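Before any comments, here is the structure.
What you see is a predicted model; the values in this text were computed from it and never measured. Quick note on labels: first sequence line is chain A, next is B, and so on, each numbered from 1.
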There are 2 protein chains.
Amino acid sequence: MVGRLAADSIERRSGVSLWRQIADKILHAIAIGDFAENAPLPPEVALAERYGVNRHTVRSAIAALVQEGVLRAEQGRGTFVLSRKRLSYPIGARTRFSTGLQGQTTERHIVLLASSVEPASQRVAEGLGLARGAEVIRLETRGEADGRPVSRAAGWFDARRFAGIDAAMAETGSITASLARFGIDDYLRQSTVLSARHADAADLADLDLQPGAIVLVTVAVNVTPDGQPIQFSESRFPAERVELKLSAL
Amino acid sequence: MVGRLAADSIERRSGVSLWRQIADKILHAIAIGDFAENAPLPPEVALAERYGVNRHTVRSAIAALVQEGVLRAEQGRGTFVLSRKRLSYPIGARTRFSTGLQGQTTERHIVLLASSVEPASQRVAEGLGLARGAEVIRLETRGEADGRPVSRAAGWFDARRFAGIDAAMAETGSITASLARFGIDDYLRQSTVLSARHADAADLADLDLQPGAIVLVTVAVNVTPDGQPIQFSESRFPAERVELKLSAL
DNA sequence: TAAATTTGTCTATTGATATAGACAATTATA
DNA sequence: TATAATTGTCTATATCAATAGACAAATTTA
């Protein structure tokens with residue numbers, strides 16, 4: 001065998017501090033089950049040796065995760081994993097927020113943060129099959145499950161066809177229910193483009209993240225069963241709390 | 001309209017240095033067409049004001065992107081955008097490396113970096129429907145397009161059924177061609193789970209990334225048309241060079 | 001109870017990060 | 001050919017990040 005396996009290695013002088021990198025590693029270790037929930041983490045000295053850094057650096061990483069609510073440190077006893085598992089958000093032909101998280105969460109809902117009417121940008125117009133500058137309604141929403149933010153989305157709709165969808169959304173708290181009021185009883189995911197980046201200040205505030213966090217970004221178009229585009233959306237998911245499970249589209 | 005749009009804001013004391021955050025912002029701005037290709041970036045003083053940092057901090061960000069091959073700085077003239085567009089890697093029922101990037105690239109191939117026979121870990125065994133500890137062949141590969149690394153993957157195969165696939169892979173440079181030698185003339189993507197994280201040291205080396213970069217991670221299972229699992233894989237894509245386009249699975 | 005284990009706090013030192021200002025070098029423009 | 005605009009280099013300073021060591025405080029274990 002040639003080659004080497006990805007070691008528990010870190011990068012110095014990277015623009016990302018060591019404590020942040022180690023916090024990421026601990027999160028990852030929890031996510032893949034390396035560190036069990038409600039169990040103690042290895043002691044700080046062991047972690048320091050494992051990652052090849054000073055104990056104080058490990059302490060900075062742990063402090064950040066305690067701040068995030070992932071760990072709890074108890075003097076004399078140890079540091080314990082609190083974190084719930086990463087949610088698995090299904091993306092498929094019929095991608096729906098609420099139904100997708102059933103079974104993994106006891107409660108979930110969408111909050112309408114803001115809405116506005118605006119001229120369609122180039123990409124929105126293309127996605128919806130409208131002329132550039134045509135009036136569209138934008139809904140800014142946040143998805144929450146068991147009290148934690150799990151998504152932050154902007155959705156655009158043809159303003160002529162869906163006038164009043166903002167009010168419907170505020171009332172029902174559901175895209176699916178709101179569309180039903182306009183005679184849309186079914187819709188399909190036509191396309192999804194996926195990328196990732198660092199969370200910006202808006203993401204940090206909206207998703208209750210710590211600086212340095214990563215967000216998954218999806219840009220999607222939903223259509224009626226006969227192919228008419230009805231919704232263009234861009235969603236952000238906190239990578240530390242959500243993974244995307246791609247099923248049959 | 002309530003709410004605010006994502007501003008050009010940055011986070012201090014975040015564990016991610018300002019120059020890295022600004023480099024990310026510039027990359028993003030290029031990706032969404034804010035800064036056109038082959039056109040000059042705004043001058044350093046303008047960027048510094050725009051992002052609310054010192055000119056030298058902007059210079060650090062630009063230096064990193066010059067190092068990455070995204071920008072070219074010319075004294076007295078300006079700093080220019082070189083970057084090729086982000087590749088759009090399709091993921092669907094028949095996900096194939098080479099065909100997926102046709103049209104976007106002139107050349108692409110897979111390099112076999114290493115191979116080994118090993119006992120199946122828990123997740124590999126589950127994915128392939130084998131007993132834990134059963135012998136599997138692991139292929140470590142890198143996908144390259146137009147001379148740039150675009151993916152880094154580990155694939156696992158049942159060692160009994162696919163003995164010699166490592167040699168076939170080394171010879172053909174294609175998973176599809178290698179599987180064909182074992183009578184597999186078609187295979188389908190059964191499941192894909194997607195996440196994102198910071199690149200670790202191995203990713204940086206393998207994908208020629210700068211520290212602080214983000215990688216998209218997919219964990220997938222391929223099956224024969226009648227549902228037999230044949231390949232379990234974990235792939236990493238550099239988020240700054242690749243986006244994933246989900247098509248009909 | 002005593003010893004061992006583990007987290008918490010403090011001081012000190014070094015290097016990386018970020019700001020600030022001045023000026024040189026190169027190129028485009030009036 | 002000046003002048004302006006822009007990137008490149010240098011010095012200096014303050015703060016953050018990381019290492020190092022010592023010891024306190026709390027808890028568990030022998």
Problem set entry | Residues which pass side-chain hydrogen bond (donor to acceptor under 3.5 Å, both in side chains) with A:Glu126, listed by chain and number, not counting sequence neighbours | A:Gln122
For this session: Would you mind listing every salt bridge (charged side-chain N to carboxylate O under 4.0 Å, His left out) that reaches into residues 102-117 of chain A, with sequence neighbours excluded?
Result: none
For this session: Could you pull out the closest heavy-atom pair between A:Leu209 and A:Asp203, with the gap in Å?
Result: CD1-O, 4.3 Å
For this session: Please identify each residue that fulfils side-chain hydrogen bond (donor to acceptor under 3.5 Å, both in side chains) with B:Glu44, with sequence neighbours left out.
Result: B:Arg55, B:Arg59
Exercise. Counting just side-chain N and O atoms, does A:Thr79 come under 4.0 Å of either OP1 or OP2 of C:dT7?
Worked result: yes
For this session: In whole angstrom, give the distance that lies between atom CD of B:Glu44 and atom P of C:dT19.
Result: 14 Å
Problem set entry | Atom pair distance, as rounded to whole Å: CD in B:Gln21 and C1' in C:dT17 | 12 Å
Exercise. So does A:Glu140 pair up with A:Arg138, basic N to acidic O under 4.0 Å?
Worked result: yes
Seminar exercise, completed: Quick tally for nucleotides 20-30 of chain D: nucleotides whose base has a protein heavy atom under 4.0 Å get B, sugar-phosphate-only ones S, the rest -, giving BBB--BBBS--
Problem set entry | Whole-Å gap separating C1' (D:dT19) and CD1 (A:Ile22) | 12 Å
Exercise. Can a side chain N or O of A:Thr57 be found less than 4.0 Å away from OP1 or OP2 on D:dT19?
Worked result: yes
Exercise. Through what angle, rounded to 10 degrees, does the axis of the helix from C:dT1-D:dA30 to C:dA30-D:dT1 turn between its ends, using five pairs per end?
Worked result: 20°
Exercise. Looking at NE2 of B:His109 and CG of B:Leu101, how far apart are the two atoms once the value is rounded to the nearest 0.5 Å?
Worked result: 12.0 Å
For this session: Calculate, to the nearest 0.5 Å, the distance between atoms CD1 and CZ belonging to A:Ile214 and A:Arg236 respectively.
Result: 15.5 Å
For this session: Not counting sequence neighbours, which residues clear side-chain hydrogen bond (donor to acceptor under 3.5 Å, both in side chains) with B:Asn54? List them please.
Result: none
